[in-house]
Structures are given as C-alpha cells and as structure tokens.
Amino acid sequence: MLSKEKTLEVVNIMAEMFPEAECELTHRNPFELVIAVALSAQATDVSVNKVTPALFEKYPTPEAFVQAPLEDIMNMIKTIGLYRNKAKNIKACCQMLIEDFGGEVPQTREELVKLPGVGRKTANVVLGDAFNVPAIAVDTHVERVSKRLRIVKQKATVLEVEEALMKKIPKDMWVKTHHRMIFFGRYHCIARQPKCETCPVFDYCQEGKSRLLKQK
DNA sequence: AACTCGGGGCA
DNA sequence: TGCCCAGAGTT
C-alpha cells in the first residue's frame, strides 16, 4: 500500500493540477446542495446541473417541494435517470426536513443520513461543503483513484477507503483532498481510459505501471 | 456482498 | 450497440 508520506505527496501534486478544484454541482445554500448531490447518484454532474436551476427556481424551499405535484418533479428531472425514486425522495426528504428538523438542513452525519435519498457520501459532501465540517466523501472517482494508486487494497469497501484516507491525510485537508481526487479522476485518471502517459503521479502508481507494461 | 434503478453521453 | 455515470436502498 502507498505510504502516508507518498499519499500526501500525490495529493499535493493533484492540487497543482487542479488548484481551483471545488464542487461542480451548482448550489447556493445547504438545502440546494442536499438535493443536488442526492440527485447526482449514478448520474453525471453535467446532467444534474442541467435540471437543477429550473427546479430550484420553481421550488426554492422544502415547503414548496412538499406541495409540488410528484408528476411535475419527475418530469423536470426525467433526463438524469432514476427519476422516479429521486422525485419521491425529494418530497419525502423535504417532508422530514420540515417535520423533524424545523425546515433547516441538519449538521451532523447521523441526522443527514436519515433523510430519504441521502447516504453517507451525500452527507459527507454536505458536511464539508455547506458546513465546513471535515469529511471525506468517497464517490466512484475517489474510490477508483485510491485503488489504482494502492492507497487501499483492491477489494476495499467504500468505508475502508474513507477510513484509509482519513488516516493518511491531515484533517484540515480532507475536504480539499476529496475535491482534488474527484477532479483528478474525472479529467485525468478516467475510468475507462486513464491518461497514464502524461500522468504527473505515474511514478507513484502501481496500476499505471502494470497497465503500460500490458500495452506492449 | 450483490442487486436494482434509468436516461443520456460517449466510444 | 454496450458500457458507465459526484449512490442509495433493499435483500
């Protein structure tokens, strides 16, 4: 496995690659962030950003979503896939926000994951981006990059990835690290065709080396 | 741990 | 055409 020191070096190199790396999901407040990130499950950030502006303009608050016709929400998010469950989750989520949390987005992980459609990953994004609470959200990019670099073993679970990153990276860097790894995974260490030939962290990457050997 | 949801993007 | 996408919920 990649050592703590080298993991930190790798993250710093990623920071140089994407100095502006931040959440690409459009959001103006914690509430919109919760909904937008929940909608992004198994969908691209690009496709989510296409539907959220109109959605939040029409339904800006939990109260508005609760009163909205389910059919209309479904129709407005139809292009992102999994839209039936997601539309129902939005309404149920908003209902719970009103009934159990006074209409405000809760600021602990235990409370956040109670919200329908909000799992550990979404909760961690909200904690980090909306409330500045240190957390590492492990999505497909973070998981893939961590495994290719052997920061964790190949068969590690999502939770094990999160724990390993928390152990190897200083707490005050958690949120930024998460964004940098996502950018790195999205634009460089791409799932199907990683750009190993031009990769700044190639020297640290076990999978990159074996992949290049295989090509010959 | 494995399975399902799902339309759109891209090769 | 086939594979995958800033996951969550259920079994």
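Chain letters run A, B, ... following the sequence lines, proteins first and then strands; every chain starts at 1.
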Requested in this report: In whole angstrom, give me the gap between the P atoms of C:dA8 and B:dG8.
Outcome: 22 Å

Requested in this report: For nucleotides C:dT10 and B:dG7, find the distance between their C1' atoms and express it as a whole number of Å.
Outcome: 22 Å

**Report entry** Span of DNA chain B in contact with chain A (heavy atoms, under 4.0 Å)
**Finding:** B:dA1 to B:dG9

Report task. Could you note down all residue pairs passing side chain to side chain donor-acceptor pair (under 3.5 Å) where residues 168-184 of chain A supplies at least one of them, sequence neighbours left out? Result -> A:Asp129-A:His179

Query raised in the report: How would nucleotides 3-11 of chain C be written as a contact map, 5' to 3', with B for base contact, S for sugar-phosphate-only contact and - for no contact, using protein heavy atoms under 4.0 Å?
Result: BSBBBSS--

Query - Span that lies between the P atom of B:dT4 and that of C:dC4, in whole angstrom - result: 16 Å

Query - Euclidean distance for C1', B:dC5 against C:dC5 (whole angstrom) - result: 13 Å

Query raised in the report: What pairs meet the ring-ring contact (aromatic ring centres under 6.0 Å, His included) rule with one or both residues in residues 44-63 of chain A, with sequence neighbours excluded?
Result: A:Tyr59-A:Phe65

Query raised in the report: Just checking A:Ser47: base, sugar-phosphate only, or nothing, at a heavy-atom cut-off of under 4.0 Å?
Result: nothing

Query raised in the report: To the nearest 0.5 Å, what is the distance between CD1 (A:Ile136) and CD (A:Glu163)?
Result: 11.0 Å

Report task. Determine, for A:Glu162 against A:Arg120, whether the closest basic-nitrogen to carboxylate-oxygen distance falls under 4.0 angstrom. Result -> yes

Report task. Tell me what A:Lys50 touches on the nucleic acid: a base, only sugar-phosphate, or nothing, going by heavy atoms under 4.0 Å. Result -> sugar-phosphate

**Report entry** Between B:dG6 and C:dG2 - C1' atom distance, rounded Å
**Finding:** 15 Å

Query - Residues clustering with A:Val66 (ILVMFWY side chains joined when closer than 4.5 Å, directly or via others) - result: A:Ile98

Query raised in the report: For A:Val105, which residues count as a side-chain contact (heavy atoms from CB on, under 4.5 Å) partner, sequence neighbours excluded?
Result: A:Pro30, A:Phe31, A:Val34, A:Leu112, A:Val126, A:Phe131

Query raised in the report: Under 4.0 angstrom, heavy atoms only, what part of the nucleic acid is A:Lys86 near: base, sugar-phosphate, or nothing?
Result: nothing

Requested in this report: For B:dC3 and C:dC3, measure between their P atoms and round to the nearest Å.
Outcome: 16 Å

Query raised in the report: Which heavy atom in A:Pro194 sits nearest to a heavy atom in A:Arg148, and how many Å separate them?
Result: CB-NH1, 3.6 Å

Query raised in the report: Does the side chain of A:Thr108 come under 3.5 Å of the side chain of A:Glu111 through a donor N or O and an acceptor N or O?
Result: yes

Report task. Grab the two heavy atoms, one from A:Ile13 and one from A:Pro200, that are nearest each other, plus how far apart they are. Result -> CG2-CB, 3.6 Å

